[in-house]
Amino acid sequence: QVQLVESGGGLVQAGGSLRLSCAASGSIFPINAMAWYRQAPGKQRDLVAAITSSGRTNYADSVKGRFTIFRDNVKNTVYLQMNNLKPEDTAVYYCNAPGGVWGQGTLVTVSS
């Protein structure tokens with residue numbers, strides 16, 4: 001059973017940066033695709049960025065050019081570097097792995 005643990009959320013001013021981490025445990029083999037989602041209050045959970053085991057990435061239009069997803073396959077860890085943060089980026093960010101596996105979420109709050 002794969003478990004995901006996120007870290008790195010917090011409060012930041014608009015224009016600032018944060019780096020989220022998601023460590024996967026319980027898997028013998030490197031996990032294929034991993035992704036970050038986010039859910040703002042009263043809204044649905046949306047895809048932010050995804051990455052395959054070979055490093056191919058895709059991003060939501062709203063974060064292109066500001067966020068970067070990357071991974072360390074040896075550590076089974078995926079990261080989300082978030083730059084030039086905006087108040088509308090405020091949300092709980094969730095890590096996701098295939099098979100419907102989710103982390104507990106980490107709150108990101110961007111103040112204006």
Side-chain angles (χ1 to χ4, degrees):
Q1 180 72 22
V2 174
Q3 294 183 327
L4 304 175
V5 178
E6 300 108 332
S7 61
L11 173 64
V12 64
Q13 290 186 332
S17 298
L18 283 174
R19 178 178 292 184
L20 306 182
S21 299
C22 172
S25 62
S27 174
I28 299 174
F29 302 106
I31 298 173
N32 188 11
M34 296 185 72
W36 286 97
Y37 286 73
R38 67 186 181 187
Q39 187 167 20
K43 296 188 177 181
Q44 66 181 20
R45 190 174 297 186
D46 293 324
L47 177 69
V48 176
I51 185 168
T52 67
S53 59
S54 62
R56 295 185 65 180
T57 60
N58 68 283
Y59 297 91
D61 288 341
S62 60
V63 306
K64 284 181 180 177
R66 300 187 298 122
F67 290 12
T68 302
I69 187 171
F70 59 101
R71 64 188 296 167
D72 183 331
N73 286 338
V74 174
K75 296 181 179 179
N76 262 352
T77 300
V78 64
Y79 304 90
L80 186 68
Q81 177 67 42
M82 305 185 295
N83 298 328
N84 190 22
L85 283 160
K86 304 176 180 181
E88 52 264 42
D89 295 318
T90 294
V92 177
Y93 285 70
Y94 296 92
C95 184
N96 171 260
V101 181
W102 295 93
Q104 82 284 359
T106 185
L107 177 63
V108 172
T109 304
V110 184
S111 63
S112 57

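Positions are given from 1 along the sequence. Heavy-atom basis, side chains included; hydrogens, waters and symmetry copies ignored.
Between atom CZ of residue R45 and atom CZ of residue R38 there is a gap of 13.5 Å, rounded to the nearest 0.5 Å. Going from atom CG of N96 over to atom SG of C22 covers 9.0 Å, rounded to the nearest 0.5 Å.
Counting only N and O atoms by type, the side chains of N73 and R71 include a donor and acceptor under 3.5 Å apart.
Here the closest heavy-atom approach between residue V101 and residue V2 is recorded as CG1-O, 3.5 Å. Here the shortest heavy-atom pairing between L20 and T106 reads CD2-CG2, 4.0 Å. Between A14 and S112 the shortest heavy-atom distance is CB-CA, 4.4 Å. Minimum interatomic distance between M82 and V108 (heavy atoms only, all atoms of both residues): CE-CG2, 3.9 Å. Taking every heavy atom of both residues into account, A49 and L80 meet most closely at CB-CD1, 4.2 Å. The shortest non-hydrogen separation linking N84 to R66 is O-NH1, 3.0 Å.
Apart from L47 itself, the hydrophobic cluster it occupies contains Y37, V92, Y94, W102, L107, where clustering links Ile, Leu, Val, Met, Phe, Trp and Tyr at side-chain heavy-atom distances under 4.5 Å.
Side-chain contact check for I51 versus Y59: every heavy-atom pair is 4.5 Å or farther apart. Counting only heavy atoms from C-beta outward, the side chains of L4 and M34 approach each other to under 4.5 Å. The shortest side-chain heavy-atom distance between S21 and K75 does not fall under the 4.5 Å cut-off. When side chains are defined from C-beta on, W36 counts as touching E6, because their heavy atoms get closer than 4.5 Å. Put simply, the side chain of S25 does not reach to within 4.5 Å of the side chain of V5, judged on heavy atoms.
Cluster membership check: V110 shares its hydrophobic cluster with Y93, using side-chain heavy-atom separations under 4.5 Å among Ile, Leu, Val, Met, Phe, Trp and Tyr. Under the 4.5 Å side-chain heavy-atom criterion for ILVMFWY residues, no single connected hydrophobic cluster contains both V12 and Y79.
Looking at K64 and D61, a side-chain N of the basic residue comes within less than 4.0 Å of a carboxylate O on the acidic one, giving a salt bridge.
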